[in-house]
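Computation of the quantities below employed the complete heavy-atom set of this structure, encompassing side-chain atoms and omitting hydrogens, waters and symmetry-equivalent molecules. Labels below follow one simple rule: chain letters A, B, ... track the order of the sequence lines, proteins then strands, and each chain is numbered from 1.
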2 protein chains.
Amino acid sequence: MARIVQKYGGTSVGTVERIQHVAKRIEQAQRKGEELVVVVSAMGKSTDQLLQLANELTDNPTKREMDMLLSTGEQVTISLLTMALQQRGLEAISFTGWQAGIQTDSHHGNAQIAHIDTVRMEAELRLGKVVIVAGFQGLSEDAQITTLGRGGSDTTAVALAAALDAERCEIYTDVTGVYTTDPRYVKTARKLHSISYDEMLEMAQLGAGVLHPRAVEFAKNYDVALLVASSMVEEEGTLIEEEVSMEKGLIVRGIAFENDVTKVTVAGLPNEMNTLAKLFSTLSRHFINVDIIVQNETDAEHVTISFTVTQSTLKDTLVALEKAQNDLKYENVQYETGLAKVSIVGSGMVSNPGVAAQMFDVLAEEGIAIKMVSTSEIKVSTVVSEDDMVLAVEALHEAFKLAEELVEPAV
Amino acid sequence: MARIVQKYGGTSVGTVERIQHVAKRIEQAQRKGEELVVVVSAMGKSTDQLLQLANELTDNPTKREMDMLLSTGEQVTISLLTMALQQRGLEAISFTGWQAGIQTDSHHGNAQIAHIDTVRMEAELRLGKVVIVAGFQGLSEDAQITTLGRGGSDTTAVALAAALDAERCEIYTDVTGVYTTDPRYVKTARKLHSISYDEMLEMAQLGAGVLHPRAVEFAKNYDVALLVASSMVEEEGTLIEEEVSMEKGLIVRGIAFENDVTKVTVAGLPNEMNTLAKLFSTLSRHFINVDIIVQNETDAEHVTISFTVTQSTLKDTLVALEKAQNDLKYENVQYETGLAKVSIVGSGMVSNPGVAAQMFDVLAEEGIAIKMVSTSEIKVSTVVSEDDMVLAVEALHEAFKLAEELVEPAV
């Protein structure tokens with residue numbers, strides 16, 4: 001009997017009708033002989049409604065109480081879905097995060113799963129029940145209710161799949177799979193049959209928005225096969241696993257992009273061993289997330305460092321830098337807003353040094369100025385003007401022949 | 001430092017504004033130097049909304065899943081109230097039923113509190129925090145979330161007061177206290193300064209509707225002083241405790257009444273030792289709650305037994321009796337609907353045998369036919385026509401001089 005963990009997001013369980021639809025899908029899976037653990041999020045707008053209540057009471061709620069409040073959202077969904085399954089004659093039982101044995105650290109609002117004690121779930125599965133688990137939540141060592149923060153329900157599903165030694169973790173969402181690029185921008189975007197963890201990680205981190213990077217990382221670390229598919233449409237999804245059935249010839253597997261990129265340049269920093277460390281620990285202390293980092297030696301005594309932040313953290317960044325002027329001893333700070341990041345992603349790139357060059361060529365031909373470059377083993381990222389973003393993506397999608405399916409998938 | 005348990009019901013926390021009002025009251029109590037544990041119910045209509053969602057999915061939800069669903073209601077309130085307190089600068093922390101250590105049996109939907117482990121609450125109280133606890137819920141021995149059923153939040157508050165050895169349990173509600181009778185029916189109804197547990201129990205069970213009998217029983221058993229007062233109006237409430245500051249001369253303390261009473265008469269039962277037991281265990285097996293029971297010997301071989309049920313259980317009652325005809329061997333069953341129960345309550349009655357006679361006199365003078373009588377040490381109940389109910393209550397309220405405050409209260 002194949003053990004499967006399924007996950008349905010907030011949109012997929014947003015109404016009573018959709019919960020019934022999910023119940024029907026679960027029944028079908030069970031008929032196929034699958035042993036099922038199902039993770040669900042809070043119903044569509046319920047989290048927003050709870051947030052609004054909190055906002056009417058305080059402009060600075062404590063994170064512990066926010067976790068207490070928001071964790072009720074999934075608890076409502078698990079009980080309703082379980083009732084819907086029982087109404088269809090299935091044996092089912094719901095578990096809150098703590099009842100499912102999900103132990104986390106105590107970072108309220110952004111907790112990490114530390115351990116999953118599967119005893120209760122295993123006992124119910126042995127009785128032939130479908131186990132419905134509240135995503136996004138757990139219990140800290142001192143028995144406080146925690147939430148996992150963004151992408152939390154995906155992470156719950158993957159972690160459960162790992163802990164329960166499930167054959168596969170199926171993430172059902174409002175998209176039908178992972179595409180070569182965002183189909184809302186590029187008409188010829190094509191759904192991928194399969195993709196590796198690292199590629200998915202780069203796609204996810206670069207804003208592909210299907211799966212949260214944390215969940216992909218977790219899946220990679222514990223070797224959990226992930227399926228991303230639609231909860232609404234009956235259509236083959238995208239399988240994410242280590243051994244990708246090679247779609248040969250496709251060095252570049254996808255184009256990821258995101259706007260709201262701001263470039264900050266700190267010029268004339270002393271060229272010393274610890275300059276980089278001092279700069280970014282300053283930013284880290286102010287909770288500023290930095291994305292791309294580029295360093296240039298200006299002369300023997302000075303370096304210039306550029307990095308990207310989101311528009312919303314620019315002000316904090318500038319304040320943090322100004323405060324640290326005495327310590328960092330830079331000459332000046334400049335910034336440029338209205339930028340975008342466009343990246344090509346693919347495992348094959350590591351052995352194909354010409355790919356980056358080809359990318360720069362394509363952008364140059366379109367007359368697109370490249371403001372920053374950053375590379376990893378499986379991606380090349382460029383920062384361009386926001387106005388050039390879609391043009392860049394379209395040109396790259398065509399140049400790397402992503403619309404064409406070169407071989408039939410082996411799946 | 002006086003340790004107090006306060007309880008606010010669903011209406012008192014029904015909106016964000018009311019939650020803020022409750023927070024203000026808690027702040028005032030803390031300023032007086034009180035050490036506070038506060039029990040709250042779900043916000044006004046939230047339980048109904050959750051029930052409606054469940055009803056859209058199934059017409060026969062399992063009780064375990066209903067408990068899972070409904071227990072979210074109080075969890076929302078505890079977090080919001082705690083945020084409101086923190087916004088006012090108070091140290092506060094919220095606990096679900098299980099976090100507060102409330103252990104129950106496993107009767108989902110109608111669980112009984114078995115034990116309260118106060119360790120977590122005590123620790124937070126020592127830190128000077130106000131502890132906010134979700135009423136109506138607990139955890140069974142096998143770690144299932146349970147709800148306590150009707151009156152559950154009152155019971156939670158009383159049980160916490162007992163377990164925490166609190167000086168007093170204050171039940172804040174939408175009435176200003178316990179009255180000699182329902183002020184909506186009788187203009188001269190007077191609020192009582194104090195009342196004994198037994199009197200309150202009779203008042204509550206007879207439909208006075210202020211406090212659930214379970215909570216009063218619990219308070220009596222553990223000798224918890226109870227205060228019933230309004231959460232909206234600043235007005236002295238009614239204190240319920242063992243040693244009542246005697247309002248002398250008041251043998252009858254209150255008139256309780258309820259309509260929706262149906263009388264069922266089973267005639268010609270064999271006059272045997274186990275007839276009563278057989279009849280009522282039959283009804284009990286069908287989950288029919290019986291109120292007043294009256295037995296008459298018709299002759300040496302036969303007895304006639306009458307009892308009252310609510311209109312809604314009449315059909316089930318008749319079916320249950322018909323099924324048991326062979327076993328019970330009665331001659332016939334009759335019933336009369338449209339009746340009401342009117343009772344006088346007072347601890348002084350036990351030593352005043354003339355009180356019942358006076359009651360019958362008063363009703364006779366008003367031309368009210370008495371269909372059934374039942375007495376206990378501190379109450380006399382009569383069943384009359386529903387049409388006579390208000391007249392009977394008014395006449396008794398006047399005859400027993402309940403509108404007059406005979407002595408100043410010693411409180």
Side-chain angles (χ1 to χ4, degrees), chain A residues 15-17 19-20 22-23 42-43 46 49-50 52-89 91-96 98-101 119-120 123 132 134 139 142-145, chain B residues 15-17 19-20 22-23 42-43 46 49-50 52-89 91-96 98-101 119-120 123 132 134 139 142-145:
Chain A
T15 63
V16 163
E17 290 70 32
I19 288 174
Q20 281 166 328
V22 167
M43 290 172 75
S46 76
Q49 286 164 356
L50 292 171
Q52 202 198 316
L53 284 173
N55 285 338
E56 286 175 39
L57 284 165
T58 172
D59 30 58
N60 191 23
T62 57
K63 286 182 179 172
R64 182 194 183 277
E65 298 304 329
M66 281 306 287
D67 283 357
M68 180 67 88
L69 181 67
L70 296 181
S71 61
T72 62
E74 294 83 35
Q75 193 173 327
V76 168
T77 317
I78 56 171
S79 54
L80 292 177
L81 177 56
T82 304
M83 287 176 196
L85 288 168
Q86 289 170 338
Q87 176 71 10
R88 300 184 82 87
E91 294 274 327
I93 188 165
S94 67
F95 282 144
T96 61
W98 67 267
Q99 286 180 324
V119 175
R120 281 185 83 165
I132 311 295
L139 196 71
D142 54 342
Q144 314 289 352
I145 294 173
Chain B
T15 63
V16 163
E17 290 70 33
I19 289 174
Q20 282 166 328
V22 167
M43 290 172 75
S46 77
Q49 286 164 357
L50 293 171
Q52 202 197 317
L53 285 172
N55 286 338
E56 285 176 39
L57 283 165
T58 173
D59 31 57
N60 191 23
T62 57
K63 287 182 177 172
R64 181 194 183 277
E65 298 305 328
M66 281 307 288
D67 283 357
M68 180 68 88
L69 181 66
L70 296 181
S71 61
T72 62
E74 294 83 35
Q75 194 173 327
V76 168
T77 317
I78 56 171
S79 53
L80 292 177
L81 177 57
T82 304
M83 288 176 195
L85 289 169
Q86 290 170 338
Q87 176 69 11
R88 300 185 83 86
E91 294 274 327
I93 188 166
S94 67
F95 282 145
T96 62
W98 67 266
Q99 287 179 324
V119 174
R120 284 185 81 166
I132 310 295
L139 197 70
D142 55 342
Q144 314 290 351
I145 294 172

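Of all non-hydrogen atoms in B/T58 and A/M83, the two that sit nearest each other are CG2-CB, 3.8 Å. Contact between A/D59 and B/Q87 at its shortest, heavy atoms only, is N-OE1, 3.8 Å. For the pair A/I78 and B/E65, the tightest heavy-atom approach, listed with the atom from each and the gap, is O-OE1, 4.4 Å.
Top candidate by heavy-atom pairs under 4.5 Å with chain A, chosen from B/I145, B/N60, B/D67, B/I19, is B/I145. Ranked by heavy-atom pairs shorter than 4.5 Å toward chain B, the options A/A92, A/A84, A/A54 are led by A/A54.
Atom OG1 of B/T62 and atom CD of A/E91 lie 10.0 Å apart (nearest 0.5 Å). Atom-to-atom distance recorded for A/T96:OG1 and B/W98:CH2 is 7.5 Å, nearest 0.5 angstrom.
Heavy-atom distances place no part of A/L70 under 4.5 Å from chain B, backbone and side chain included. Using a 4.5 Å cut-off between heavy atoms, A/R88 does not touch chain B at all. Looking at A/T77, there are no atoms closer than 4.5 Å to chain B (heavy atoms on both sides), in backbone or side chain. For a residue to count as touching a neighbouring chain, one of its non-hydrogen atoms must lie under 4.5 Å from one of that chain's; by this rule B/Q99 touches chain A with the side chain only. Neither the backbone nor the side chain of A/L85 comes within less than 4.5 Å of any heavy atom in chain B. In this structure, the portions of A/Q75 lying under 4.5 Å from any heavy atom of chain B include both its backbone and its side chain.
Contact check for B/L80 versus A/E56: no side-chain heavy atoms found under the 4.5 Å cut-off. Between B/M68 and A/T82, every side-chain heavy-atom pair lies at or beyond the 4.5 Å cut-off.
The main-chain N or O of A/P61 is never found under 3.5 Å from a side-chain atom of B/Q86 such that the two would form a donor-acceptor pair.
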